[in-house]
Each structure stands twice: as structure tokens, then as C-alpha cells.
Asks: 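I'd like to ask you about the structure that follows.
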There are 2 protein chains.
Amino acid sequence: MSERIKPRGRPRSFDRADALHKAMLLFWRHGYEGTSIADLTGAMGVTPPTLYAAFGSKEKLYREALRHYAKDEGSDRSIPGGSNIRAEVEAYLRSCARNFSDPAKPGGCMVSTGSLQCAVENQPAKDAAGEMRARALQSFTARLRQAKKQGELRDEAEPAVLARYYAAIIQGMSVQASDGASRADLDAMVDVAMGAWPGKARKRT
Amino acid sequence: MSERIKPRGRPRSFDRADALHKAMLLFWRHGYEGTSIADLTGAMGVTPPTLYAAFGSKEKLYREALRHYAKDEGSDRSIPGGSNIRAEVEAYLRSCARNFSDPAKPGGCMVSTGSLQCAVENQPAKDAAGEMRARALQSFTARLRQAKKQGELRDEAEPAVLARYYAAIIQGMSVQASDGASRADLDAMVDVAMGAWPGKARKRT
DNA sequence: ATTATTATCTAGCGATCGATATTTAAATGA
DNA sequence: TCATTTAAATATCGATCGCTAGATAATAAT
């Protein structure tokens, strides 16, 4: 099935997947504008023409790095979609808390807080990250809608609003992790955030 | 008192405060790295040497623009500190919702989501914004501590955690406003966020 | 062996980056 | 008047930006 026939010309002398991973780490930490082609070629161990032959342009490489991040680092990879939506959301937030604060990686999330500001000519980079945030929000909303239909979510709960709210928590965790917040800091925030889960009305102080 | 004696040499031919305001708007929308000296001098209507004589360097101008933003646009300008801390926090969040989504201004907050990623050589810019976020978090925590001491906050509430949590809400609102979220979107999020305010324990769904 | 194909590096493109040396202009003080 | 002081623009600086033309190397097909 996966019999890969040998290509015609000179074979690649570097690992494309590994180079993409290294590019992702640079874009993640320093952003699109904060990462130069020289930074990228330096990390990959190749020269500019090789990078351009393999990835097309800086913007295309950035988009591919974003996709790679979503697959490789996305905190959603392993959350089992069970029948308890509240537990599922909480587990997701806790996985974000752990991943965003991992000292071995850039702080925060490459997507949640990526390319929020950029020069006019780099708007496509902001759009790329913004589209991924929009997609994530959309699929999160869809998951909550499904849960509501299955009776796991109270009738008065609004999936779109709830999705925006927990997206904000994730984005806030990303900002604070980028500023150096610890996993304990973020986990404590998750404790509070889960207190807003739609439930019985409660007395105020 | 404010008798301003006339300075010796040639007088300024441009309004420094107005130029600072224009610089702030550019940094706010495009970030530190996304704003060039040419952008700044163009908006100010002066040449580079004039900018450097007036503001020192790009980084110093950025720091000054951040301070100007905090004073001029800071959502804290007008929240009266009363005896109801819950209402005070909610009012603050609502003012953020309104300001972050103002179509006449750049989306989001210049501080909350400013300079999260940057090149190694521009780390001082990230530090400048990060320090402002840290200060805001600190003063927010202090306000909650004070409120707790005055009995406006339940005993089990942790000011530092609660401050981080509402800071995350603000940062999330800033991200989403930067992506085009409306005031209604953000206000709905505030509704949910206030549901996490420490109160009576509540039954879960 | 020769040709075709693909990948790589050397070298450098024009443009823009942040910042400045130098000169000229406009004010006050003597 | 004329020296002093401050601010302005002209004209660029060296460095870096994203990117590429052209030559060369390494493979497969013929």
C-alpha cells in the first residue's frame, strides 16, 4: 500500500519533517515577524534556496507550521469524547494548562495567541492564525451543541456563548503562560473557570 | 504654578502629545515589530531625526506609548471603587468589552495581548508589555485582597487566583476582539465569567 | 555513457530596517 | 547685531530583510 516509488532526481539531503518541526518551534516562540529566513535556515541546517524549494515561501511555511502544531501539539489530541461533556471540557483545559506551561517548549499556544498584531503586508499571517482560531471555536461550539442535544448540557446553556467563554480561558492561559505562569497557576484558574459551568442558580455574596 | 518659561532654542513645530498618540495607535494595531520607523514618521508628519530627538529610540517610544495607552485608553480610568467588589469587577469587564470592540479603534487591548511573540533582539519590547501585565495583575490582586479584608469577598476566595482568572477573561476578550468579536459577543462572555464568582456551592448538571 | 530530473550551494538581488552625521532654520539672551 | 541654543530636514549609513538567478551535484531512466 505505502510502497513509495523512488523519485527521479537527486534525493533530499535533509529531513523535511524535522525541518518543519524546527520551523514550528521558532514561529511558536518568536512569531511570524520575529522569525527571519536566516533563523529558519540556521535551525534547519540548509541554505535559503533549499528552504524555498521545499516550502515555497515564508508564509506557506508558517501555514504549514501551524497545521503541524495543531496535529502535533494540539491539546485536543487525546481527550476522549465521552458522555460527560463537563469532564471533557475540564480535561481539555487541564491539558492546555500542562502543555502551555511546559518549560521544554515555548510558553503559551502557537494558535491561541499567535500573530495577533502584525504589519499590513503580513496580514496573511495573522489571517492564517485567525482562521485556525475561528475553526477551533466553531468545532468547540459544535461539540457543545451535540452534547446539549444529548442532554449532557442544561437547556438554558448557549453552546456558542459557552464555547467563546472557554476559548477565552484558553487564550488567557496562553497569554499568562507566555509571561511565565506555572502549571499550578493555570490549574488554579481552571478550578475557577469550571465554576461558571451552567448549573443551578446560586446565591451571591 | 504652571508658568512655563519659554525655552531657549527653536520651538517644536509639531505636537509631541499628538505624535505620541498616533504612535500608540500604530503600535496598538500592528505591534512593535509590525510598526516601522517609516510608518511612525509618516503618521507623525516628521522626519526620522525629529522622531529620535523627541523620543530617543523606537523602544523608548514604544514604552512611552504603552504608558500613554494605560492612561488614555486603560479600561480602569473610570470604575468607581465602591463597597461592592463583585459589581466593580463586572463593571470593569464590561468596560473592557466595550473598549476592546470599538470599531473606531484597533481591536483588543494594547497591553493584554501586546508583544507576546518577538525576535530575540526585541525582547525588551516584550518585557515592556509583560511588565505592564504583571503590574496590572498585581494591583488587581491587591484590590481583591483589600475587598476580602473588608468582608466583600468570601473567606475561601483566593485573591491571587481570582485575579489571574479575571485577567485571563480580559486577555481572552482581547484576543477575540482582535479577531473581530463584537461587543455583544464579549458581553455574553462576561455574563458567563461572572458566574464563577465565589459563592454558595452549586449542584452540577 | 548519456540524458533527464531534482536538490543543493554560492553569491547576491533590490528593498527596507533602525538610526545618524551634517547642515540649515528659528527662536532667545546679551 | 550677533552669539547661543534648540529643532528641523537632507541624505544617507551599515545591516538585515525575503527571496532568487545560475552553477553544480547526485540520483534514475535510457
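Just so it is clear: chains get the letters A, B, ... in the order the sequence lines come, proteins before strands, and each one is counted from 1. Quantities reported herein were computed from a predicted structural model and do not represent experimental measurements.
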Asks: Could you check A:P48 against B:P48 and say which one's nearest nucleotide on DNA chain C is further toward the 5' end?
Replies: A:P48
Asks: Got a sec, which residues hit ring-ring contact (aromatic ring centres under 6.0 Å, His included) with B:H30, two or more places apart in sequence or on another chain?
Replies: none
Asks: Anything under 30° is parallel, anything over 60° is perpendicular, the rest tilted; go ahead and classify A:F27 against A:Y62.
Replies: perpendicular
Asks: With A:R143, which residues qualify under side chain to side chain contact (heavy atoms under 4.5 Å, CB included), at least two apart?
Replies: A:I85, A:E88, A:Q146, A:A147, A:E152
Asks: So which protein nitrogen or oxygen atoms get under 3.5 Å of nucleotides 13-17 of chain C's nitrogens or oxygens?
Replies:
residue: C:dC17; atom: OP1; partner: B:S36; partner atom: OG; Å: 3.4

Asks: Nearest whole Å is fine: how far is C:dG18 P from B:K60 NZ?
Replies: 17 Å
Asks: Please list, chain by chain and in numerical order, all residues satisfying ring-ring contact (aromatic ring centres under 6.0 Å, His included) with B:Y166, sequence neighbours excluded.
Replies: B:W197
Asks: Hey, where on DNA chain D does chain A first and last touch, going 5' to 3'? Cut-off is any atom under 4.0 Å from a heavy atom.
Replies: D:dC17 to D:dA29
Asks: Kindly check if the number of other-residue, nucleotide or ligand heavy atoms within 6.0 Å of CD (B:E64) is above 12?
Replies: yes
Asks: Identify all pairs in which a protein N or O lies below 3.5 Å from an N or O of nucleotides 28-30 of chain C, and state each distance.
Replies:
residue: C:dT28; atom: O4'; partner: B:R8; partner atom: O; Å: 2.9

Asks: Near DNA chain C, counting only heavy atoms under 4.0 Å, which residues of residues 11-20 of chain A show up?
Replies: A:P11, A:R12, A:S13, A:F14
Asks: For B:R10 and C:dT23, give me the distance from atom CZ to atom C1', rounded to whole Å.
Replies: 12 Å
Asks: So which pairs with a foot in residues 31-47 of chain B pass salt bridge (Lys or Arg N to Asp or Glu O under 4.0 Å), sequence neighbours left out?
Replies: none
Asks: Kindly write out the residues that satisfy side chain to side chain donor-acceptor pair (under 3.5 Å) with A:T47, not counting sequence neighbours, or none if the list is empty.
Replies: none
Asks: With sequence neighbours left out, what residues match B:D15 under side chain to side chain donor-acceptor pair (under 3.5 Å)?
Replies: none
Asks: Are A:E90 and A:R86 ion-paired here, with the side-chain N under 4.0 Å from a carboxylate O?
Replies: yes
Asks: Tell me whether the rings of A:Y69 and A:W28 are parallel (<30°), tilted (30 to 60°) or perpendicular (>60°).
Replies: perpendicular
Asks: My understanding is that only residues two or more places apart in sequence, or in another chain, count here; which of them pass side chain to side chain contact (heavy atoms under 4.5 Å, CB included) with A:A168?
Replies: A:Q171, B:Q176, B:M189
Asks: Provide the full list of side-chain hydrogen bond (donor to acceptor under 3.5 Å, both in side chains) pairs with a residue in residues 178-187 of chain B, sequence neighbours left out, each pair given once.
Replies: A:K126-B:S178, A:R133-B:D179, A:R164-B:D185, B:R94-B:D187, B:S182-B:D185
Asks: May I ask you to decide whether B:D18 forms a salt bridge with B:K22, counting only side-chain N to carboxylate O separations under 4.0 Å?
Replies: yes
